[in-house]
Amino acid sequence: MLCIRGSRLWRCPSARSRLLSAPMNTALTSSVRCRFAPSPTGNVHIGNIRTAIYNWLVARHHGGKFLLRIEDTDRERSTPEAVQGVLNAMDWLGLTIDEEPVYQSTRREAHLAMAEQLLASGHAYKEDKGNTGRGEAVIFRMPGEDMGFDDLVKGPLRKAAADLKDFVIVRSDGNPVFHLSNVADDIAMNINLVIRGDDHVENTYRHLALYQALGAPLPSFAHLPMIVNHQGKPYSKRDGDAYVGDFQAKGYLPEALFNFLVLLGWSPGDDREFLSREELVALFDLDRVGSNPAQFDLVKFENLNGQYMRALPDSDYKTQFTACLAEAGLIPDDDAYLDRVIPLLKERIKKWPDTAEQAHYFFSDHFSFDEKAVRKRLQREGALENLLALREAFAALPDFTATALDEALRNLAEQQGAKPADFIHPVRVAVTGQAGGPSLFELLEVLGRDRVLDRMAKAKETVASLNPSE
RNA sequence: GCCCCCAUCGUCUAGAGGCCUAGGACGCCAGGUUCUCAUCCUGGUAACACGGGUUCGAAUCCCGUUGGGGGUGCCA
C-alpha cells in the first residue's frame, strides 16, 4: 500500500493496523493552527527556539495561526523570569503570535475535569502502585491495539500494542501529568498541527490514544530532530553557550540567527543560504525538513551574521552604530562626519560589540595603542624620524584629501629610497593605535588635518609612554 | 533489558536507482586584489559508518552489524 505525503511516496503500514491521524489526506492549509509550548524552567536555548521558528514559519507559510502556550505547571521550577525570557526571545526574533498566550497553570481545573471524564468513561482507573501509601493516581488505559501515525517529517511510524503501556495522567498528589495537560490544552486551543522535538515521538502514541478516548479530532504531528551540542548531545538547560538571550546580548542580528536556525534541519533544495524572512516564509515547509540531528557551528553562524551586518540598510546601520558608540561614551562630532566614518568601517565590523573598539579613534583622542603594533612599526630604527618628515609633507598640503596624501607619502618614500609601506604602517599606528583598519588615506582624510597632524606629532611621547621593553 | 528513531566532507547540507569519478556553504590551505585588517575573486583539501543482499546499475531500496539519540506508569 502506498500513500502520499507531500509529493513523496511512502510505504505505509499494513492497512490492517488502525492508522491514527490522517495527514496523508489532510494537506496543510490556511486553517492550520500550531503552537509553541515551552516550559519556562530555564533559559530558552537554540533548540527550543528553533522549534518555535518552524511552527511560526509553517503558520505564516500557510496563512494559519501560530499560538503560544506557556507550560508553567511545574511550580517548583517555573519562574516569572523564565517566562519573560521566552517572551523576549520570541519578540527579538520576530515570532509574532496570533492569539493571547495561554498559561497552562490557569487550566488545572479543566485538566482534572478531563481526567474525571476519562474515569467515568472507563478509559482510566485509579491505582496506588505497590501500595506506597501516597494515595491513588489516575492511570490512563491504552487501547490495547497496535497504533501508527504518519509523521510529517519522519514518515509513517507504528508501535505494537504490547509496547504501549498504561500511564499516569494524575499523580497521587492530585496534580495532572504533562500528557493530560498537554493534550487537554491542545484540544482546547484547537491545535491541529503539533510540531515539536524528536523527544516526543514516543509520547505521541499516548497522546493519540487520549484524543481518541476523548473523541477529539486528531491533529497531525511533525517531530523535529534535535539540535545537538559539540559533544553530540541534545542541548539541555545546562548548556550555557546556547541561550538565545546570549546571542542577543552579544550583539548578533536576530535575522541572522533566524536564518541560520532555519537552515539547521531544513534547506530550500538549492544552494541558497542567505534567505530573507520573506523568502523563508514563502519557501519553508515541513516536507523538506530533514530527520537527522544537527550541530550548531558558531563559526559558520558568525559568517552569516557578518553577511547580514554588511547587508544592513544604511539607516538601520547608522542607528545601531550610534547606539554602540554612545554605550562606550563616544559622541559623534556631527552627522556628516558619522556618514563618512561608517562606510570605512561597515565591512569590517562583524558584530555590534566590536564597534566601539574599532571606531574609537574616530571619535576620541584617548584611544589605546596596540602594543605589538607600536613595537613593530614605531619603535623601529628611524620610524619616528620618517614620521616627522611625513608630517611636514602632510602639513604642507593645500588639500587634505586621500589622493593628495597618497601622492605626498609616495613622493617622500621615493625621495628617501624607501618603500611606501615603511611610511604607511607607522602613520596608521600613530593615528589609530591599531595595526589594521580601513584604507589609510581615506581614513586620514576623514579624520581631518588637525587630528592627524596632532597625533603624528605626539607619536614620540606615545612610544616613550609605552615604556619599551626589550 | 525491551521498544522506537537516526547515520553523505571537521560542521550545515544537496541527493527521492543511472544526471554522482557525489554538488554547495562554513572552516582550512594556496594564489589574486590592496598600504594593513576585513571584504571580494580564483584554485585546492575533505564525505556516502561497516557487511551482506535486490538490480544491468545503489549514496539512494531490503536485511544485519556498529555507533549515536529518544522512550520505557507518577519530569516536561
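Each chain gets a letter, A, B and so on, in the order the sequences are listed, and its residues count up from 1.
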Exercise for the section: Report which part of the nucleic acid A:His223 touches: base, sugar-phosphate, or nothing (heavy-atom distance under 4.0 Å, all strands). Expected result: nothing

Shorter than 3.5 Å, N or O on both sides, protein versus nucleotides 1-10 of chain B: list them out with atom names.
unit_1 : atom_1 : unit_2   : atom_2 : d
B:C3   : O2'    : A:Lys159 : NZ     : 2.7
B:C4   : O2'    : A:Glu202 : OE2    : 3.3
B:C5   : O2'    : A:Lys154 : NZ     : 2.7
B:U8   : OP2    : A:Asn292 : ND2    : 3.3

Practice task
Report yes if at least one side-chain N or O of A:Arg196 is closer than 4.0 Å to OP1 or OP2 of B:A76; otherwise report no.
Solution key: no

Practice task
Both distances under 3.5 Å, Watson-Crick or G-U wobble: report the partner of B:G1, or none.
Solution key: B:U72

Problem - side chain to side chain contact (heavy atoms under 4.5 Å, CB included) partners for A:Lys346, two or more places apart - result: A:Asp314, A:Tyr317

Practice task
Would you mind reporting whether A:Ile187 and A:Leu210 have side-chain heavy atoms less than 4.5 Å apart?
Solution key: no

Practice task
When you get a sec, tell me which of B:A14, B:U72, B:G73 is the closest nucleotide to the side chain of A:Arg288?
Solution key: B:A14

Practice task
Identify, with sequence neighbours excluded, every residue that meets salt bridge (Lys or Arg N to Asp or Glu O under 4.0 Å) alongside A:Glu116.
Solution key: none

Handout entry: Pairing of A:Arg340 and A:Glu442 as salt bridge, 4.0 angstrom limit
Key = no

Exercise for the section: Scan A:Leu263 against the nucleic acid and name what it touches under 4.0 Å (heavy atoms): base, sugar-phosphate only, or nothing. Expected result: sugar-phosphate

Exercise for the section: Pick base, sugar-phosphate or nothing for A:Arg141, based on heavy-atom distances below 4.0 Å to the nucleic acid. Expected result: nothing

Practice task
Would you mind classifying the nucleic acid contact of A:Gly265 as base, sugar-phosphate or nothing, using non-hydrogen atoms under 4.0 angstrom?
Solution key: sugar-phosphate

Handout entry: Check: A:Phe369 ring centroid to A:Tyr361 ring centroid under 6.0 Å
Key = no

Contact list (N/O, under 3.5 angstrom) for nucleotides 32-37 of chain B vs protein:
unit_1 : atom_1 : unit_2   : atom_2 : d
B:C35  : OP1    : A:Arg410 : NH2    : 3.1
B:C35  : O2     : A:Arg428 : NH2    : 2.9
B:C35  : N3     : A:Leu440 : N      : 2.9
B:C35  : N4     : A:Ser439 : OG     : 2.1
B:C35  : N4     : A:Leu440 : N      : 3.4
B:U36  : O2'    : A:Ala435 : O      : 3.4
B:U36  : O2     : A:Gly437 : N      : 2.8
B:U36  : O2     : A:Gly437 : O      : 3.3
B:U36  : N3     : A:Arg428 : NH2    : 3.0
B:U36  : N3     : A:Gly437 : O      : 2.6
B:U36  : O4     : A:Ser439 : N      : 3.3
B:C37  : O2     : A:Arg348 : NH1    : 2.6
B:C37  : N3     : A:Arg348 : NH1    : 2.2
B:C37  : N3     : A:Gly437 : O      : 3.2

Listing time: all N or O pairs from protein to nucleotides 22-24 of chain B that are below 3.5 Å?
unit_1 : atom_1 : unit_2   : atom_2 : d
B:G24  : N2     : A:Glu273 : OE2    : 2.9

Handout entry: A:Asp199: partners by salt bridge (Lys or Arg N to Asp or Glu O under 4.0 Å), with sequence neighbours left out
Key = none

Problem - A:Lys350 NZ to B:C26 P, straight-line distance once rounded to whole Å - result: 12 Å

Exercise for the section: In plain terms, say whether A:Glu371 and A:Arg375 are close enough for a salt bridge, that is, a side-chain N and a carboxylate O under 4.0 Å apart. Expected result: yes

Practice task
Give the rounded distance in Å between these two atoms: CG of A:Asn182 and C1' of B:C75.
Solution key: 13 Å

Problem - Polar pair under 3.5 Å, donor/acceptor by atom type, side chain A:Asn203, base B:A76 - result: yes

